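Since the structure comes first, as structure tokens, the remarks are kept for the end.
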Number of protein chains: 2
Amino acid sequence: MAKKTTIYDIAKALNITVSTVSRALNNISTISESTREAVLEMAKKMNYRPNKVASSLTSGKTYIIGVLVPSAQIQFFASVIHSLEKYLKSFGYSILLYQTNESLESEKNGISTLLEAQVDGIIASMSLETADVSHFEKVKEEGKPLIIFDRTHDDLQSPMVKINDEHAGYLVTKHLLDQGYKRIAYITTKHRIKIFKERYNGYQKALQEAGIAINADYSVFGELNVEGGYLGTHTLLKLKDRPDAIIGGDDYVALGIIKALHENNIVPPTIGVIGFANQNFSEHIIPSLSTIDQQAMQMGKECAKMFLKIIERNHAEELILEPVVLEPLLLPRASTKRS
Amino acid sequence: MAKKTTIYDIAKALNITVSTVSRALNNISTISESTREAVLEMAKKMNYRPNKVASSLTSGKTYIIGVLVPSAQIQFFASVIHSLEKYLKSFGYSILLYQTNESLESEKNGISTLLEAQVDGIIASMSLETADVSHFEKVKEEGKPLIIFDRTHDDLQSPMVKINDEHAGYLVTKHLLDQGYKRIAYITTKHRIKIFKERYNGYQKALQEAGIAINADYSVFGELNVEGGYLGTHTLLKLKDRPDAIIGGDDYVALGIIKALHENNIVPPTIGVIGFANQNFSEHIIPSLSTIDQQAMQMGKECAKMFLKIIERNHAEELILEPVVLEPLLLPRASTKRS
DNA sequence: ATGAAAGCGCTAACAA
DNA sequence: TTGTTAGCGCTTTCAT
């Protein structure tokens with residue numbers, strides 16, 4: 001590979017100076033149309049490709065934004081990433097990805113890595129392990145915008161985008177009650193992440209409103225996956241007073257619930273089953289699974305918009321924006337439909 | 001935010017020069033243990049954070065590698081991204097993500113964006129639209145490694161990682177034949193992407209081997225999603241000589257097939273159904289879906305390994321590595337099981 | 001083992 | 001409108 005062309009080469013070829021070339025390339029006001037065109041033409045002719053690293057060093061802006069998530073393999077996060085990248089790209093930003101794999105240690109490293117890469121900001125969702133959040137404070141110490149989405153934390157004051165999880169829990173429970181279910185169980189995670197707690201609160205609230213006493217046996221805390229739903233259901237089926245509906249902490253849990261019920265020759269909605277997250281399979285399994293849409297795409301877009309808004313008024317650090325709270329969407333389907 | 005500490009500040013504080021600090025920080029051989037420790041201590045004390053942008057400018061390495069995929073929302077790609085990031089991270093690399101959304105135009109922009117960001121290499125899978133591949137050549141012109149995975153292209157000579165798709169198609173068909181199915185249909189995409197063609201070739205090959213004539217009516221070309229499978233199945237069910245098994249171009253197509261069968265009160269394996277991709281729901285739906293595992297995680301890891309290998313011997317451009325071809329894995333499950 | 005000094009490619013005052 | 005000139009923070013010869 002021949003040595004790469006720089007603005008110096010263009011300047012030399014045109015007998016002008018680098019600053020003029022720079023101005024032409026960046027389309028800065030005070031430049032004559034003729035030289036601008038000449039520069040652009042020569043740039044193309046010489047196969048010039050701007051070096052963003054160099055420009056970042058001087059300007060202090062990389063146009064890269066760090067995205068820190070538990071895992072790109074979790075569909076919800078994949079959708080948020082998709083949406084973030086798609087939207088931010090149109091504003092000239094790229095996405096530097098870091099996965100924590102639900103580890104606090106890795107999360108700390110992630111913050112460091114992204115900061116060292118001089119990202120212009122970080123959009124993050126916490127790992128399940130995260131209790132202490134001081135590593136996130138470092139982002140703000142560097143004066144860079146930090147936006148937290150979905151998995152938030154009380155100790156961290158920061159702009160955030162989330163969904164109304166309590167309402168999600170409420171909606172789900174209310175829906176089951178409306179369908180005539182009375183003994184409603186809930187299989188969820190033992191983790192202390194706020195959103196799961198809030199959903200659970202919504203569940204309790206709906207039951208209380210309906211004047212139904214909360215049966216402790218109906219709350220099962222396990223893993224948030226197919227296995228968790230499966231095992232939890234077996235526990236529930238052993239009860240003298242079996243539930244007539246089960247809420248899964250997410251759609252995978254719900255899948256496990258359906259599987260376990262099936263083994264006992266029970267097909268929803270005989271026992272109603274509902275999940276959270278609207279995974280792309282949920283609509284298509286048989287019976288189709290009732291669930292809550294968490295608006296991952298919308299969430300990505302809102303994060304991006306928030307980031308851009310903060311970047312615009314460049315005294316980011318000071319102002320704490322109001323959290324954006326998206327409304328969960330109930331998707332009633334066959335698995336809860338009593339006709 | 002106070003001005004950030006640089007190696008200059010550390011040098012001044014310790015009354016040594018920046019070069020010494022740099023050496024200490026980078027753990028370069030010719031440094032006395034005592035000064036190394038002193039530097040490290042002072043660095044910590046002064047809250048020093050290295051600026052990778054600056055070091056990239058001099059060293060010419062960013063330790064960022066560009067990942068260009070159709071969409072992070074497609075689970076296969078999400079898994080590859082997950083795997084890539086996870087593995088490469090342990091070697092000090094970060095991932096800059098670019099999605100083409102199946103658009104050629106966007107793919108070209110992606111290559112430019114990544115190159116301008118001075119990535120150390122690009123790992124890519126082509127968009128469905130991609131016929132001409134000249135934009136990929138630019139990566140190599142800059143002397144940077146380009147690794148193509150899964151969706152490859154005949155015109156592009158480059159290190160690649162793929163799976164044996166013809167064999168995947170063969171395996172699927174052979175499995176159905178072994179289960180006693182005879183009239184095997186195939187619902188796939190009209191797109192000319194190589195992998196789909198190859199799978200189809202495998203299907204034909206297996207039928208030929210079994211001495212079964214290929215019935216043109218049994219090949220349906222539609223969209224590669226649930227809807228495609230659903231519509232395709234309705235077409236197939238109208239045939240006088242109905243198929244007794246249907247292969248779906250991927251697991252979503254298979255989901256659509258099952259859905260359509262269900263509406264006609266047919267439950268697999270009465271008509272056998274099998275897919276490709278082993279989506280994470282496939283194992284858990286009822287009946288569980290037979291499919292092919294495409295080893296997304298493995299593919300990510302192989303790409304990463306290949307990249308590292310090329311980077312090591314730094315005369316990358318010259319050598320074309322042998323393609324890594326992963327073997328597809330048949331996962332026979334209930335949807336095809338004739339007992 | 002350490003220091004001095006020249007850049008990497010670009011931006012952004014300040015001058016002209 | 002264009003040119004001059006410092007850097008940005010770090011790496012890396014070449015000296016010492």
Side-chain angles (χ1 to χ4, degrees), chain A residues 1-40 42-43 46-64 92 115-120 142-143, chain B residues 1-40 42-43 46-64 92 115-120 142-143:
Chain A
M1 50 177 164
K3 210 180 134 299
K4 280 194 249 174
T5 26
T6 71
I7 54 174
Y8 257 87
D9 303 320
I10 299 179
K12 206 166 291 167
L14 254 35
N15 230 331
I16 53 178
T17 63
V18 282
S19 28
T20 306
V21 175
S22 173
R23 280 187 278 253
L25 256 18
N26 293 294
N27 206 3
I28 279 175
S29 50
T30 62
I31 192 103
S32 81
E33 188 57 24
S34 60
T35 52
R36 209 181 64 87
E37 275 170 16
V39 168
L40 259 38
M42 183 58 77
M46 299 181 78
N47 244 314
Y48 170 74
R49 191 189 305 286
N51 182 329
K52 265 185 65 177
V53 168
S55 96
S56 295
L57 186 58
T58 18
S59 72
K61 296 202 55 175
T62 54
Y63 286 94
I64 291 177
L115 252 19
E116 287 177 13
Q118 310 298 121
V119 295
D120 289 348
E142 304 232 336
Chain B
M1 51 179 162
K3 212 180 133 299
K4 280 195 248 173
T5 22
T6 71
I7 55 172
Y8 256 88
D9 303 321
I10 299 179
K12 206 167 292 168
L14 254 37
N15 230 333
I16 53 178
T17 63
V18 283
S19 23
T20 306
V21 176
S22 174
R23 280 188 277 254
L25 257 18
N26 292 294
N27 206 4
I28 279 174
S29 51
T30 61
I31 192 101
S32 80
E33 188 58 24
S34 60
T35 52
R36 209 182 63 87
E37 276 169 16
V39 168
L40 259 36
M42 183 57 78
M46 299 181 79
N47 243 315
Y48 171 74
R49 191 191 304 289
N51 182 331
K52 266 185 64 177
V53 169
S55 95
S56 295
L57 186 58
T58 18
S59 71
K61 297 201 54 176
T62 54
Y63 286 93
I64 291 177
L115 251 19
E116 288 177 13
Q118 308 298 119
V119 295
D120 289 348
E142 303 233 336

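Each chain gets a letter, A, B and so on, in the order its sequence line appears, and its residues count up from 1. If you're wondering where the values come from, they're calculated on a predicted model, not measured in any experiment.
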Rounded off to whole Å, could you give me the [atom1]-to-[atom2] distance for the [X] and [N] pair?
X     : N      : atom1 : atom2 : value
A:I16 : D:dG3  : CD1   : C1'   : 11 Å
B:N27 : C:dA1  : CG    : P     : 13 Å
B:K61 : D:dG9  : NZ    : P     : 23 Å
A:K52 : C:dC10 : NZ    : C1'   : 14 Å
B:E33 : C:dT2  : CD    : P     : 11 Å
B:L25 : D:dT11 : CG    : P     : 8 Å
B:L57 : D:dG9  : CG    : P     : 12 Å
A:N51 : D:dG9  : CG    : P     : 17 Å

Which donor-acceptor pairs under 3.5 Å do the side chains of residues 14-22 of chain A make with protein atoms, sequence neighbours left out?
residue: A:T17; atom: OG1; partner: A:S19; partner atom: OG; Å: 3.1
residue: A:T17; atom: OG1; partner: A:T20; partner atom: OG1; Å: 3.3
residue: A:S22; atom: OG; partner: A:N26; partner atom: ND2; Å: 3.4

Which atom names give the shortest non-hydrogen contact between A:A24 and A:L40, and what distance separates them?
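Heavy-atom minimum between the residues: O-CD1, 4.1 Å.
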
At under 4.0 Å between heavy atoms, what does A:T30 touch on the DNA or RNA strands: base, sugar-phosphate, or nothing?
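Answer is base: heavy atoms of A:T30 come under 4.0 Å of a base.
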
Rounded distance [0.5 Å steps], CD in B:E37 versus OG1 in B:T35:
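Output value for this atom pair is 9.0 Å.
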
Has A:K61 got more than 12 heavy atoms of other residues, nucleotides or ligands less than 6.0 Å from its NZ?
yes

Give every pair of a protein N or O atom and an N or O atom of nucleotides 12-16 of chain C that lie under 3.5 Å apart, one pair per line with the distance.
none

How about A:V53 and A:T62: do any of their side-chain heavy atoms sit closer than 4.5 Å?
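Answer no - side chains too far apart.
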
Rounding to 10 degrees, work out the angle separating the end axes of the helix from C:dA1-D:dT16 to C:dA16-D:dT1 (five pairs an end).
30°

Any B:T35 side-chain nitrogen or oxygen under 4.0 Å from OP1 or OP2 of C:dT2:
yes

Look at B:N26 and D:dT11 and indicate whether a side-chain polar atom (N or O) is within less than 4.0 Å of OP1 or OP2.
yes

Which pairs pass side-chain hydrogen bond (donor to acceptor under 3.5 Å, both in side chains) with one or both residues in residues 47-60 of chain A, sequence neighbours excluded?
A:R49-B:E142

Report the residue (B:T20 or A:S32) whose heavy-atom-nearest nucleotide on DNA chain D is the more 5′ of the two.
A:S32

Tell me, please, which residues at least two apart from A:D9 pass side-chain contact (heavy atoms from CB on, under 4.5 Å).
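Counting only residues at least two positions away or on another chain, A:D9 forms a side-chain contact (heavy atoms from CB on, under 4.5 Å) with A:T5, A:T6, A:M46.
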
As a test of reading the structure: which of C:dG9, D:dC10, C:dA1 is closest to the side chain of A:A54, going by heavy atoms?
C:dG9

Please work out which residues in residues 5-12 of chain A have a non-hydrogen atom less than 4.0 Å from an atom of DNA chain D and list them by number.
none

